[in-house]
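Quick notes on the structure that follows.
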Amino acid sequence: MSRANISDNALKVLYRLRKDGYEAYLVGGGVRDLLLGRAPKDFDIATDAHPEDIRAIFRNCRLIGRRFRLAHVHFGREIIEVATFRAAQDERGEAGVDADTGLILRDNAYGTIEEDALRRDFTVNALYYDIADFSVIDFTGGVEDLKKGVLRLLGDPETLFREDPVRMLRAVRFAAKLGFGIDAPVESLMKEAGYLLEAVPPARLFDEALKLFMSGHGIQSYEKLRHYDLFRHLFPETDSCLSREEHEFPLTFVFNGLKNTDARVAEDKPVTPAFLFGVLLWEPVRLRAERARGVGVAPIPAIQEAGADVIRSQISQIALPKRYTLPMREIWSLQPRFEQRGGKRPLRLMQHPRFRAAYDFLVLRAASGEADPELAEWWTAFQEADEGARVEFARPPGRRRRRRRKSKTAAEG
Ligand code: ATP
Ligand code: MG
């Protein structure tokens with residue numbers, strides 16, 4: 001494993017901790033991804049220094065987390081996460097686990113490096129890289145599992161999932177990202193234990209959802225979540241729409257949206273959670289709006305009310321921050337406005353700050369067979385046309401057709 005692939009800032013932290021007499025290793029996803037020849041997303045460091053010691057050493061350091069006290073060392077936009085070696089809670093006899101649910105509440109009993117390895121989730125995440133002699137320390141057979149491409153849990157799966165149900169989502173995420181396999185017994189357990197996710201704070205599920213869907217392997221994550229019946233516990237309304245699946249529309253819409261996002265990530269283009277969650281929740285919004293229209297509500301208020309309702313029920317599962325739900329609702333509410341093509345309305349719609357995202361959304365709907373492809377094509381042509389031609393576009397369809405026919409006759413004559 002070459003040091004050249006390790007971030008300079010991570011190296012700085014490692015060297016500094018060692019210089020001050022502490023043990024310090026690179027651990028977790030950084031080591032795992034480097035051994036697989038992939039670029040790590042971030043670098044985690046494990047040390048025997050306690051959080052207060054770490055803070056005393058680095059000026060640019062902040063301590064975070066309650067359940068899990070960590071040091072974040074900031075270098076501009078890069079954050080190096082430094083965690084103190086921990087032992088499993090029960091070995092220390094501390095009441096860190098909720099008596100009823102088995103959920104971990106506190107996880108701050110410090111331990112040795114070996115104890116630290118054993119309380120991690122998967123063997124491939126429990127490898128330590130020692131910069132002193134460039135060696136990889138492996139207490140759990142993680143190197144072997146990396147070679148075989150398997151995710152093996154460190155301990156009894158049922159206990160581990162009960163302690164922290166997010167580990168099921170992590171299993172899905174790593175399987176999706178790395179193409180690794182999961183043991184059959186663990187797979188069948190996951191299919192049964194999704195309900196445990198209901199006990200996880202919605203804010204944590206939001207973070208996890210971003211990692212699942214915005215890291216370039218959204219399609220794989222989605223298909224696995226559906227396969228293990230976990231998707232239902234993250235997006236209940238969307239899931240029930242998918243199971244009803246009228247025509248072929250809902251499935252291809254979410255699928256195409258995720259495919260788009262994955263492609264953009266692969267090209268290093270920006271992706272926004274507002275658009276993505278807008279896609280994931282559109283089908284419930286659309287159905288609710290359709291119902292409202294059936295009892296006489298106008299198109300735009302129907303979408304607006306449906307959007308508000310869907311968000312209200314969704315945030316009890318996944319805490320979507322306002323900075324994303326506001327643009328999301330705008331993207332939805334602009335959809336019926338694309339149908340109004342007369343007069344100055346199209347020009348005005350183009351001025352809307354959310355026009356571009358809403359137009360991309362329309363194109364996706366059309367590609368999935370839910371909106372009229374002619375409508376999406378019209379808007380594409382409208383944007384590509386120069387200003388004079390746009391005025392022509394914006395004439396009511398009847399008048400435009402008459403004029404065209406006339407000029408055709410003129411040309412023929
Ligand atoms: P990536 O950063 O690529 O998403 P990662 O494996 O580094 O993957 P992090 O969330 O950064 O994941 O966590 C760093 C390490 O901390 C993990 O590799 C794992 O060893 C340990 N860890 C994280 N979350 C848990 C958990 N819920 N249970 C047990 N160990 C965990
Ligand atoms: Mg990491």
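Atoms within a ligand are numbered from 1 in the order they appear, just like the ligands themselves.
Atom 28 (N) of ligand 1 has its nearest heavy-atom neighbour, among Glu81, Arg167, Arg38, in Arg167. Closest heavy-atom approach to atom 23 (C) of ligand 1 within the set Glu208, Arg173, Arg170: this belongs to Arg170. Atom 27 (N) of ligand 1 has its nearest heavy-atom neighbour, among Asp164, Leu70, Thr123, in Asp164.
Ligand-side atoms of ligand 1 in range of Lys177: 3 (O), range being under 4.0 angstrom from any heavy atom. Near Lys41, the atoms of ligand 1 lying under 4.0 angstrom from a non-hydrogen atom of the residue are 1 (P), 2 (O), 3 (O), 4 (O). Every atom of ligand 1 with a heavy atom of Gly28 under 4.0 Å away is listed here by number and element: 18 (O). The atoms of ligand 1 that sit less than 4.0 Å from any heavy atom of Gly29 are 5 (P), 6 (O), 7 (O), 18 (O). Listed by number with element, the atoms of ligand 1 under 4.0 angstrom from any heavy atom of Arg119 are 29 (C). Below 4.0 Å from some heavy atom of Arg204 lie the following atoms of ligand 1, by number and element: 27 (N). Contact atoms of ligand 1 toward Asp44: 7 (O), 11 (O), 14 (C) (distance under 4.0 Å to a heavy atom of the residue).
Between Glu283 and Thr238, the side chains place no donor N or O within less than 3.5 Å of an acceptor N or O (distance only, hydrogens not considered). A side-chain donor-acceptor contact under 3.5 Å links Ser7 and Glu78. Between the side chains of Gln304 and Trp332, not a single donor N or O lies within less than 3.5 Å of an accepting N or O. Using modelled atom types, one finds no donor on one side chain facing an acceptor on the other under 3.5 Å when comparing Gln317 with His233. Between the side chains of Tyr128 and Ser135, no donor-acceptor pair is found at a separation under 3.5 Å.
Ranking the protein heavy atoms by distance from atom 6 (O) of ligand 1 puts Arg32 NH1, 2.9 Å first. Of all protein heavy atoms, the one closest to atom 30 (N) of ligand 1 is Asp121 N, 3.2 Å. For atom 21 (C) of ligand 1, the closest non-hydrogen atom on the protein side is Arg120 NH1, 3.4 Å.
At a threshold of 2.8 Å, the Mg ion (ligand 2) has a backbone or side-chain N, O or S atom of Asp44 nearer than that distance.
When all heavy atoms of Asn256 and Ser368 are compared, the pair lying nearest together is ND2-OG, 3.1 Å. In terms of heavy atoms, Thr140 sits closest to Arg152 at O-NH2, 3.1 Å.
The atom of Asp42 that is an N, O or S and sits closest to the Mg ion (ligand 2) is OD1.
Not less than 6.0 angstrom separates the ring centroid of Tyr324 from the ring centroid of Phe277. Here the two rings, on Phe361 and Phe355, have centers that are 6.0 Å apart or farther. Aromatic ring centres of Trp378 and Phe338 lie farther apart than the 6.0 Å criterion allows.
With a heavy-atom cut-off of 4.0 Å, Phe174 touches ligand 1 through its side chain alone. Only the side chain of Asp42 comes within contact range of ligand 1, with a heavy atom under 4.0 Å; no backbone atom does.
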Please report the C-alpha distance between Val265 and Ser215 in whole Å, then the side-chain angles of each, then the deciding distance to 0.1 Å, and finally whether the side chain to side chain contact (heavy atoms under 4.5 Å, CB included) criterion is met. CA-CA 7 Å; Val265 173; Ser215 315; 6.0 Å; no
